[in-house]
Each structure stands twice: as structure tokens, then as C-alpha cells.
There are 2 protein chains.
Amino acid sequence: MAAIGQSTHLGEGGRSEGDRRPRERTDKGTMADSGTGTRLRARRANNAPPAHGIRAPRAAKNSEIVYHDLRSDIISMTLVPGTPILEREITERYGISRTPVREAVLRLAEERLVDVLPKSGTFVSRIPLSQLREGIVARRALEEVIVRAATARATPSQILSLRAIIQKQQELADKGDEPAFHRADEEFHASIATVAHYPGIWEVIQQMRVQIERYRRLTLPQAGRMQLIVREHAAVIDAMENCDADKAVACMNVHLDKLQLDIAVFRDLWPDYFIYDPAVDTDLIA
Amino acid sequence: MAAIGQSTHLGEGGRSEGDRRPRERTDKGTMADSGTGTRLRARRANNAPPAHGIRAPRAAKNSEIVYHDLRSDIISMTLVPGTPILEREITERYGISRTPVREAVLRLAEERLVDVLPKSGTFVSRIPLSQLREGIVARRALEEVIVRAATARATPSQILSLRAIIQKQQELADKGDEPAFHRADEEFHASIATVAHYPGIWEVIQQMRVQIERYRRLTLPQAGRMQLIVREHAAVIDAMENCDADKAVACMNVHLDKLQLDIAVFRDLWPDYFIYDPAVDTDLIA
DNA sequence: TTCAATTATCTAGTATACAAGATATATTTG
DNA sequence: CAAATATATCTTGTATACTAGATAATTGAA
């Protein structure tokens, strides 16, 4: 709360402008770990390697924490559409300044989880129906690619690992632990993507799944749904084990089609939670 | 350059904490433009409507400008991988403060176009080979969905509009105007997505295309390539006009397969421009 | 000369102050 | 009382100052 003590220790002395040679990255070889050069000392020891695809594993930044917390609350519909996001309140709750909070909010805006009205306010976004519809379709297409590749590549040990996840889901379903069940569900699909060597495609799916997940949270827990999912997962793996890609894809589609059920119903139940984008039904193309 | 004059006009007076009722959004109806209520005056007149799917059309923010400029330079390979992004320099170039610059850089980091090394520096990212590979595969799958839907929905006028784009491409190819040609290429694919009522899926494709485009910029302009593309586009539309979805998809795949040609060649030519993510070839799934 | 430790100087991350605009409340006017 | 205007107070957007950490340059010792 209290202002942190600050003291000026940096004068206004002008620095020479362009004196810093842009240091080229010195680890040339892109392949494997061709650690040839001991020419350089322990440079970039604890530093994050510039390897792509891995989110910086550095110490959690405050903005990261706020982002994940807010995101989780929005996706779980704890913060329903229309809820104002008050930067000041978050600032006080976490005891941090506006900068990291703002950073988190901007990331959420990028994901369309919040709407920022310029000098007015920030609100949890309504679920865009168009994005729901398109997300479901796109996911089907991408999961098909993933399942097909996974069927071709899966080793027996990987099949077993996948079965282990299904078994865990069975146990969680018996316990009735829905949150954990859905985390395992994500793990299942992500693992298939890993087997397929398409982790990036799964990332894309997850990104689209955000809005779908918000919608799913509106649906009541249906009796036997978790058991059904377990059986559907098992069917996918059975087909994969038999190297029957077509059947695996078909099973996966059966599995995914369960989502599409009754959007209209829920849209009418909570009209304020959804938004209809008329642009989608505009037929002009030029 | 010069500091902007500032004066304190806001005292430190304490405000009552929770006195602001979170004003619910007042435009209830989600469907069409059910403009029933004249109850409210000219509220939200020039303000950005909370309609989803449309980027805020408000006055260009500085961060937006910097973001687009940097993004354009990175995608066009004007800024090659490894180039340092100096916030201070950009700050001076645009005559703005660090905040909007930082905002832009963070958005680029989200897109994996730059790598931010925490207390060290920010650099244009190398092209992730895995993302290239996955992007091409994913795009094929999603374009298939789009083409199939577009074939089912396309009206004669839309077919004509698409042919108009192809014709424009022909003219640009004759003139040899590659940049404009590629813009028209984008327009062509985007238009098909619009016809298919899947604009969001095209957005996803574009997002993945970012890295692919950087790679494409490395390839030399091959003689006759533009003419070939024109013919391939025409083939897609011909099939669409005949309501032959399978053929349209096949034609589109032929078209897209041209990209995959010779990644290995260019990777060896400019090894420093690419990065190989070993995680993709890791087979553990749990 | 070579290698290690020190110092200097850069960077991103954060905190805070101010500016510009939008909504809500209070006030005035018919 | 109703409607239009004026004022107050909130909001996001921006500017600037400072902190902590990492790289690069310098210095010193073997």
C-alpha cells in the first residue's frame, strides 16, 4: 500500500546514442545441441533460451498471475458477461500497480474475453455465437488431422499412456469430480496432439475452445455424461490401436458432436450472455 | 521530443469506494437491429458498439500504429530474425512514450513474432520450423472446411465477385506487381471464407500464416508463379460453380501444396533465420 | 596472455502522475 | 414535473521515473 521509497540515483547525463552494437545471437547452430563453441563463457546460462514454442519459464510476472486469474474466472463463468473489470480494484486486491494489471487486461481483450470501451470501461465480453459455431467446426477439422497423424505415429507405450488418462477419467467420473475430469479431458486431447507431433495445432484449438468452454459452463451437469465421454475416448483409442484412422476420426467426431447440441436453448435462456454478430450473415464479399 | 506540459488539477480527496453501480449494458436485444427503444438518448453514439468480431473502429491508438508498423516490417522480413527491438529508439522515432510501444511489443510477443528476454532485450523471433509445418497442415484442413461450405452457399453473384478478384490478380501478375498480387491473393481466400460464413476461421488461418509468410518472403520470385496461382484459383472457382465440393477442395489442396516445397533448402541457406524446436520430436506424452 | 572478478551500462518490469473523454448525478429552466 | 444543461467523478490512455537483473566492458591476478 504505502509508497515504496524511491530515490533518484540516475542523473540526466546524456549517453552516446548509438554506441550499443546490436549483439547478434551467438548460438548459431539451430540443430539439436551442437554445443561446439566453448569460445564464450557461461553466457546465457540461467537465461531463457530463445527456443521457440516454450513459454518463458521465468519467474512468474505479476501480469501473468493477474492474467491467468482473470482468465480462469471468465472461462469458468464466475465472472459472467457484462461484469465490469475494474483495474483499480484489481490493483488494490493484488497490491500492485496498474501497469501489470493493464497488461493482463489487454491480453484478455486480444482473446476477446473482455471488451475495452476506450475512455469508459472494461467488461467481460459476451460469448460471440459466431465464434462458437465456427470454433466447433474448426475444431472438428483440426482434431481430425491430429487423430489421423496420431494413429499413424502412436507407439504401444503411447497408447498405454492414453489409456491411463482414460482410466483416470473413469475414476474421476466415479468420484463425480467434474473440474478434475475436465482437466483430464484436456490432457487426453493434448496428449493425442503430442503423439501426432502437432502440439501447435492443439494450441490453436485451445485458443478457440475458450469461448466454447464458457458456453459449456452454462450447461447443467448431465447425469452419465462423464461416463459417456470416457467410453467415447476409449473408442478413439481402440481405433488408433487398430491403426484404423478413419474409424478413429469417426469416433472423435461422434465425441465432439456432443457439444453442438443445444446452443439455441441456452441462447434463449441467457440472452445477455451471448452476442450475435450480424456481419456473419452479410453476404457481400467485396 | 519536449516534455508535454503538465499541471496537477486533481486533488488527493478520498472517494467513496464502492459507490459506482456497475451499469449493465442497456442494449438488451441480441438479434439483428431490434431498435425498439428510443428511451435512451444519443448514448453510445460515436462509441464503439460492443458487437463482437469487429475490431474497435475508434481513432487509431498509438500502440496500434506501432504494432502494425513493426508487424509489417517483421513479416516482410525487413526486420530479419535476431534484430533487436529497441523500445527507446521506437519511442524517439514516433515521439511517444514507452507505454504504447511496450503495448505493441507485447502483442507481437504474443504472436511469437518477437522474443522478449526479461531483463535483457527483445529480438525479432526466428521462424519456428515446427509452426511452419503445423501451420501448413492446419491451413489445409481449415481451407477444406471453408471451401466445402463456400461451395454449398455460393450465389452466382459471389462467384462473379471471386472471378473479379482472380481477374485483378491476372492483371497484377501481368504488371509484375508482386506485393499487390499477394494482397489480392489474401482477398481471394478471405472472400471465400466470407462466402462460407466462416470469417473467424479465416482469421485463425491468417494468424498461423504469419510465420509462413515470413518464410515465403525468403523465396525468390519464381517466373510464372503468379500466373500459376491465378490458374489454380480459377480451378477452385470453376469447381465451386459446378457445385463440385470435392473437386474444389482438391484444387485448393493442389494450390496450397505449392508452399511446402523446399523448406529444407531455405533452412540450410539461412540457418539463423529458423529455429528448430526439439520438443516437437519428443515422444513423451505424460 | 588468459582467465576470473569487478564495474558500468544497458534492458525489461513496475510504480505513479497526469490527460482526455465518457457516464452519471445534480442543477436549472420551460 | 419533465427535459435539457452543467458539473462531478469515474474510466482508459499516456508519460515519466525508478528498480532489478542481465549483458558487455574493464580491470586485475595467475
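All chains are named by letter (A, B, ...) in the order of the sequence lines, taking the proteins before the strands, and each is independently numbered beginning at 1.
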*asked:* Between E92(A) and R88(A), does any NZ, NE, NH1 or NH2 come within less than 4.0 Å of an OD or OE carboxylate oxygen?
replied: yes
*Any donor and acceptor pair, going by atom type alone, linking the side chain of S120(A) with main-chain N or O of L117(A) inside 3.5 Å?*
no
*Counting distance only, does the side-chain N/O of S125(A) pair as donor-acceptor with the main-chain N or O of R112(A) below 3.5 Å?*
yes
*asked:* Between R107(A) and E111(A) (salt bridge meaning N to carboxylate O under 4.0 Å), is one present in this structure?
replied: no
*Take I85(B) and T99(B), find for each the nucleotide of DNA chain C with the closest heavy atom, and name the residue whose nucleotide sits nearer the 5' end.*
I85(B)
*With a 4.0 Å cut-off on heavy atoms, is E103(A) in touch with a base, just the backbone sugar-phosphate, or nothing at all?*
nothing
*Given atom CG of L106(A) and atom P of dT14(C), what is their separation to the nearest angstrom?*
14 Å
*asked:* Using the side-chain heavy atoms of R98(B), tell me which of these nucleotides is nearest: dT14(D), dT16(D), dT12(D).
replied: dT16(D)
_d(CD1, I96(B); P, dA19(C)) in whole Å_ = 19 Å
*Taking only the side-chain nitrogens and oxygens of R102(A), find out if one of them lies under 4.0 Å from OP1 or OP2 of dG13(D).*
yes
_Nearest-Å distance for atom pair NZ/P, residues K61(A) and dG21(D)_ = 15 Å
*Just how far, in rounded Å, is P of dC10(C) from CG of L117(B)?*
18 Å
_Whether R88(A) contacts dT11(D) is assessed here as follows: a side-chain N or O lying under 4.0 Å from the phosphate OP1 or OP2. Is that the case?_
yes
*According to a strict under-4.0 Å criterion, is N62(A) in side-chain N/O contact with OP1 or OP2 of dG13(C)?*
no
*Taking atom types as modelled and ignoring hydrogens, do the side chains of H182(A) and R216(A) form a donor-acceptor contact shorter than 3.5 angstrom?*
yes
_For a quick check, tell me whether the side chain of S120(B) and the base of dA12(C) share a donor-acceptor pair closer than 3.5 Å._
no
*Rounded to whole angstrom units, what separation is found between the CD atom of E64(B) and the P atom of dT14(D)?*
10 Å
_Between T122(B) and dA12(C), is there a contact of a side-chain N or O with OP1 or OP2 at under 4.0 Å?_
yes
*Which whole-number value in Å describes the distance from L86(B) CG to dA12(C) P?*
7 Å
_Side-chain N or O of S97(B) versus OP1/OP2 of dA15(D): is the shortest distance under 4.0 Å?_
yes
*According to a strict under-4.0 Å criterion, is K119(B) in side-chain N/O contact with OP1 or OP2 of dG13(C)?*
no
